[in-house]
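Here the structure is laid out as structure tokens; the discussion comes afterwards.
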Amino acid sequence: MARRLVVIGAPSSAGSYAAGQESAPRVLRERGLIEALRASGRDVTDDGDGPLHVWRPDRDRPRAQNLGEVIASVDAVARQVGAALDAGSDALVIGGNCTIALGAVSALAERFAEPGLLYLDRHFDLNTPSTTSDGALDWMGLAHALGLPGSLPGLQSALAHIPLLTPERVHLLGVDPDATTEGEQRARAELRLVWRTGDELALHPVSETQRALARLAPGPLVVHLDVDVLDFTDAPLAEDTGGRNTGPSLDAVAESLETACHDESVRVLTVAELNPTRSAGDPSVLDRFVAVLARAFAVD
Ligand SMILES: [Mn+2]
């Protein structure tokens, strides 16, 4: 029998370049997310939202903007996911920024010995305030999970362990190797991270996902989707508009998510960096995305 599913909103764009992602939980609910998940056969509880934070420039801390708000969002996700796990449920977390993955893995790490993370993202998210000047914490999450030099102690102290993850417990899919900083390139080589490109994910969404699940077995696992992994022309959902005509289609990512979420080891799916203003001219993509999430969790 399928486990129950708890839906959690993390309406924060504190770690972003600008406002927008904080409205994703509200907009997806308005487009029928909860009803679609129920229609797919799951016993769904909507646990509501964590703290609302709208991005604003942080002139006091320009290279780690809105750190306190980012930590509060990570904390709230960890608490809400933890409660879902304690009730024997799976969780779907709608962000928000990519840092929500830290909260989800942290909740698993408080309860299980060796959680893992399957990370679908155009980026490595291995930055720290010393490797990028933009100050957006939403692409510094994996650096903090892995405990890279330059990590912020305040953000790390919100995690169940330091480091939260070892490189062996992480698998990245959909990366654009050109969309990295020099610091990320050094870190990924030193850590020997296992990663596949967006082209590889586009061509082989099922087998690449199966390979990742086999490598990370037995879990339990968080699957993280930054919607910037998608070809922006096919599915204009992401804050980052750079992925035009590159990366997997929404159909390909749907196959990957369906494969992952039907695996017993996967307990949490986190969805991040969805900025609803990006699809204002093509709002049907939001309905397509809701359908993809429902298909991912559908009971066979
Ligand atoms: Mn990204």
Heavy-atom check, side chain of [X] versus side chain of [Y], under 4.5 Å:
{"X": "D134", "Y": "W139", "result": "yes"}
{"X": "L120", "Y": "S256", "result": "yes"}
{"X": "L126", "Y": "L148", "result": "yes"}
{"X": "R196", "Y": "L201", "result": "no"}
{"X": "L117", "Y": "L164", "result": "no"}
{"X": "F124", "Y": "L142", "result": "no"}
{"X": "D121", "Y": "V175", "result": "no"}

For the residue pair [Y] / [X], report whether a side-chain donor-acceptor contact shorter than 3.5 Å exists.
{"X": "T180", "Y": "Q185", "value": "yes"}
{"X": "S265", "Y": "D263", "value": "yes"}
{"X": "H53", "Y": "N66", "value": "no"}
{"X": "Q210", "Y": "S207", "value": "no"}

Does the distance from a Lys or Arg side-chain N to an Asp or Glu carboxylate O, for [X] and [Y], drop under 4.0 Å?
{"X": "R188", "Y": "E184", "answer": "no"}
{"X": "R29", "Y": "D49", "answer": "yes"}
{"X": "E208", "Y": "R211", "answer": "yes"}

Which residue pairs satisfy the side chain to side chain donor-acceptor pair (under 3.5 Å) criterion with at least one member in [range], sequence neighbours excluded?
{"range": "residues 286-300", "answer": "R31-D287, D234-R288, E258-R295, H262-D300"}
{"range": "residues 151-164", "answer": "none"}
{"range": "residues 92-108", "answer": "S16-N97, N97-E273"}

Under the criterion side-chain contact (heavy atoms from CB on, under 4.5 Å), I'd like the reasoning laid out for I8 against L92: C-alpha separation, chi angles, the key distance, then a yes or no. CA-CA 6 Å; I8 295 160; L92 167 62; over 6 Å; no
I'd like to check the salt bridge (Lys or Arg N to Asp or Glu O under 4.0 Å) partners of [X]; sequence neighbours left out, ordered by chain and number.
{"X": "E114", "result": "none"}
{"X": "D231", "result": "none"}
{"X": "R56", "result": "E69"}
{"X": "R278", "result": "none"}

After noting the C-alpha distance and the side-chain angles of T132 and R63, does the key distance pass the side-chain hydrogen bond (donor to acceptor under 3.5 Å, both in side chains) rule? CA-CA 8 Å; T132 177; R63 289 182 75 119; over 6 Å; no
Test log, rule side-chain hydrogen bond (donor to acceptor under 3.5 Å, both in side chains), inputs Q21 and S13: CA-CA 5 Å; Q21 288 91 299; S13 54; 5.5 Å; no
Any pair counted as ring pair (Phe, Tyr, Trp, His ring centres under 6.0 Å), so long as it reaches residues 264-300, sequence neighbours left out: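 Qualifying pairs, neighbours excluded: none.
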Enumerate the residue pairs fulfilling ring pair (Phe, Tyr, Trp, His ring centres under 6.0 Å) with a member in residues 221-245, sequence neighbours excluded, ordered by first and then second residue.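 Found Y119-H224.
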Can you list every pair that meets salt bridge (Lys or Arg N to Asp or Glu O under 4.0 Å) and has a residue in residues 86-109, with sequence neighbours left out?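 Residue pairs passing salt bridge (Lys or Arg N to Asp or Glu O under 4.0 Å), neighbours aside: R3-D90, R42-D90, D86-R111, D90-R267.
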Co-members of the apolar cluster containing W55 [side chain, <4.5 Å]: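 Under the 4.5 Å side-chain rule, W55 groups with nothing.
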Tell me every residue that passes ring-ring contact (aromatic ring centres under 6.0 Å, His included) with H171, counting only those two or more places apart in sequence or in another chain.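 Partners of H171 by the ring-ring contact (aromatic ring centres under 6.0 Å, His included) criterion come out as none, since no residue qualifies.
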